[in-house]
Amino acid sequence: MSRTIGDVILDLQNISLRFGGVKALTDISFDVREHEIRAIIGPNGAGKSSMLNVINGVYHPQEGTIIFRGEERKKMEPHQAATQGIARTFQNIALFKGMSVLDNLMTGRLTLMKSHFFEHALWLGRAKKEELEHRKKVEEVIDFLEIQHIRKTPVSRLPYGLQKRVELGRALAAQPSMLLLDEPMAGMNVEEKQDMCRFILDVNDQMGTTIVLIEHDMGVVMDISDRVVVLDYGKKIGDGVPEDVKNNPEVIKAYLGAGH
Ligand SMILES: Nc1ncnc2c1ncn2[C@@H]1O[C@H](COP(=O)(O)OP(=O)(O)OP(=O)(O)O)[C@@H](O)[C@H]1O
């Protein structure tokens, strides 16, 4: 599949979010188009993770409007985000460390499971059929991410870079139409970063998944993103294609000021 960037599917309008006296986001507006890779960048504490949490319903903004696939809301609820096909990964890996890679990926299917807990426990007809279907999808993700050799390994025994890949796998197991990635390459060596870049591009291209990503590595951001939004102290200071953002004086000043 060769991707074509489509219409706006997520439109964030005038979002403001406060925690007591801390203004995490002030009047932020930007949009995300179908199939694009949209990066959110900015110095530490700029409000990037808060923005992802607004998109997937973990944080509720005091002001603003979120329009996702034509539905307008003041806030998103986590279950709405999940059922509407939004999945995310976290800055600090949030896997079940004692469980195998396969079982961790199966937890990514939970929101899609229809049969009742008791049917699963008793392995009744519908549950059995459903579980086999979920297994099949998870095996597809395992093949896609080239992690067949570690499918039975407990996550705690894996090197950091592979744990990050498993976390991507768990998000993909939910077959999201939009994937929110919070620093997918943080703490990785060059080779691990190259692998992760390739997988992100493949997910976007072959699965058609729209990607919103926070990343500190500017080389990576400028290489793989279609458009970049820049936050600083909770305010938007830049938005556009990588070339424009790179040459935006306000962005350069914010980064130099932050010692990047
Ligand atoms: N749950 C919370 N309670 C109180 N303050 C919060 C909370 N979450 C974020 N903040 C504050 O909001 C501001 C933005 O934080 P956020 O984590 O969104 O920034 P960030 O750009 O993701 O930073 P980093 O690059 O360091 O991860 C910070 O001042 C932070 O302390």
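Residues: numbered from 1 along the sequence shown.
Of the possible donor and acceptor atoms, none in the side chain of Asn56 sits under 3.5 Å from a partner among the backbone N and O of Pro78. Within the 3.5 Å criterion, the main-chain N or O of Arg109 finds no donor-acceptor partner in the side chain of His134. With Lys75 contributing its side chain and Pro61 its backbone, the two residues share no donor-acceptor pair below 3.5 Å. Put simply, the side chain of Tyr59 never gets that close to the backbone of Leu52: no donor and acceptor are under 3.5 Å apart. Under a 3.5 Å cut-off, the side chain of Asn248 and the backbone N or O of Gly238 do not form any donor-acceptor pair. Side chain of Glu36 to main chain of Arg38: no donor-acceptor pair is present (N/O by atom type, distance under 3.5 Å, no hydrogens or angles). At distances below 3.5 Å, at least one donor-acceptor pair connects side-chain atoms of Thr83 with backbone N or O atoms of Gln80. The closest donor-acceptor contact from the side chain of Ser16 to the backbone of Asp27 lies under 3.5 Å. For the pair Asp226 (side chain) and Ile37 (backbone), a donor-acceptor distance under 3.5 Å is present. Not one N or O on the side chain of Glu183 forms a donor-acceptor pair closer than 3.5 Å with the backbone of Ile214.
Tracing side-chain contacts under 4.5 Å through hydrophobic residues (I, L, V, M, F, W, Y), one never reaches Val229 starting from Val245; they form parts of separate clusters. At a threshold of 4.5 Å between side-chain heavy atoms, the hydrophobic network of Ile, Leu, Val, Met, Phe, Trp and Tyr places Ile211 and Ile86 in two separate groups. Under a hydrophobic-cluster definition in which Ile, Leu, Val, Met, Phe, Trp and Tyr are linked whenever side-chain heavy atoms come within less than 4.5 Å, directly or via other members, Met218 and Ile237 are assigned to the same cluster. Both Leu105 and Leu172 are part of a single hydrophobic cluster, where members link through side-chain heavy atoms under 4.5 Å apart. Residues Phe19 and Met76 share a hydrophobic cluster, clusters being chains of Ile/Leu/Val/Met/Phe/Trp/Tyr side chains in contact below 4.5 Å.
The side-chain heavy atoms of Val166 and Ile150, taken from C-beta on, include a pair separated by under 4.5 Å. Using a 4.5 Å heavy-atom threshold, the side chains of Gln13 and Asp11 count as touching. Within the 4.5 Å cutoff, the side chain of Glu192 has no heavy atoms near those of the Met185 side chain. Looking at Val138 and Leu102, their side chains come closer than 4.5 Å, going by heavy atoms from C-beta outward. A heavy-atom distance below 4.5 Å is not found between the side chains of Thr65 and Arg73. Counting only heavy atoms from C-beta outward, the side chains of Pro176 and Leu179 approach each other to under 4.5 Å. With contacts defined as side-chain heavy-atom distances shorter than 4.5 Å, the pair Leu231/Ile41 does not qualify. Ile9 has its side chain within reach of Met178: a pair of non-hydrogen atoms, C-beta onward, lies under 4.5 Å apart.
In summary, the side chains of Arg33 and Thr210 do not present any donor paired with an acceptor at a separation below 3.5 Å, with no hydrogens or angles considered. The closest side-chain donor-acceptor pair between Gln148 and Asp143 falls under 3.5 angstrom. Between the side chains of Asp182 and Ser49, at least one donor-acceptor pair of N or O atoms lies under 3.5 Å. At a cut-off of 3.5 Å, with distance as the only test, a side-chain donor of Gln84 or Glu71 sits close to an acceptor on the other residue.
Atom CE of Met196 and atom NZ of Lys164 lie 7.0 Å apart (nearest 0.5 Å). Remark: Leu180 CG to Met51 CE distance equals 10.5 Å, nearest 0.5 Å. Here the CZ-CG distance, from Phe199 to Leu181, works out to 13.5 Å after rounding to the nearest 0.5 Å. Atom CG of Asn189 is separated from atom CD of Gln194 by 9.0 Å, given to the nearest 0.5 angstrom. Here CG of Asn247 is found 6.0 Å from CD1 of Ile252. Values are rounded to the nearest 0.5 Å. Rounding to the nearest 0.5 angstrom, the gap separating the CD1 atom in Ile55 from the CD1 atom in Ile40 is 5.0 Å.
No more than 12 heavy atoms of other residues, nucleotides or ligands sit less than 6.0 Å from atom OH of Tyr233.
Residues that satisfy the side chain to side chain contact (heavy atoms under 4.5 Å, CB included) test with Pro154, not counting sequence neighbours, are Ser156, Arg157.
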Val241/Val228 under side-chain contact (heavy atoms from CB on, under 4.5 Å): CA gap, chis, key distance, verdict: CA-CA 6 Å; Val241 297; Val228 182; over 6 Å; no
Chi angles and distances behind the salt bridge (Lys or Arg N to Asp or Glu O under 4.0 Å) call for Arg227, Asp244: CA-CA 9 Å; Arg227 288 188 300 160; Asp244 291 347; over 6 Å; no
side-chain contact (heavy atoms from CB on, under 4.5 Å) evaluation trace for Val101 with Leu158: CA-CA 9 Å; Val101 168; Leu158 298 174; 3.7 Å; yes
Verdict with supporting geometry, Ser100 and Val155, side-chain contact (heavy atoms from CB on, under 4.5 Å): CA-CA 6 Å; Ser100 71; Val155 165; over 6 Å; no
side-chain contact (heavy atoms from CB on, under 4.5 Å) assessment of Leu10 paired with Leu12: CA-CA 7 Å; Leu10 174 66; Leu12 298 149; 4.1 Å; yes
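In plain terms, the two heavy atoms of Tyr160 and Gly187 that are nearest each other are CD2-O, 3.8 Å. Contact between Ser225 and Pro242 at its shortest, heavy atoms only, is O-CG, 3.4 Å. A pairwise comparison of heavy atoms in Ile28 and Lys236 identifies CD1-N, 3.4 Å as the closest pair. Closest heavy-atom contact between Gln163 and Leu95: O-CD1, 3.5 Å. The two residues Met99 and Thr107 have their closest heavy-atom pair at CE-CG2, 3.8 Å. Of all heavy-atom pairs between Gly169 and Leu145, the closest is CA-CD1, 3.3 Å.
Considering Lys136, Lys137, Arg135 as possible partners of Glu139, the one that fulfils the salt bridge (charged side-chain N to carboxylate O under 4.0 Å, His left out) test is Arg135. Considering Lys74, Arg18, Lys23 as possible partners of Glu63, the one that fulfils the salt bridge (charged side-chain N to carboxylate O under 4.0 Å, His left out) test is Arg18.
Between Arg170 and Asp103 there is no salt bridge, since none of the side-chain N atoms of the basic residue sits less than 4.0 Å from a carboxylate O of the acidic one. The pair Lys235-Asp232 does not count as a salt bridge, with every side-chain nitrogen at least 4.0 angstrom from each carboxylate oxygen. A salt bridge links Glu34 with Arg69: the distance from a Lys NZ or Arg NE/NH1/NH2 to an Asp or Glu carboxylate oxygen falls below 4.0 Å.
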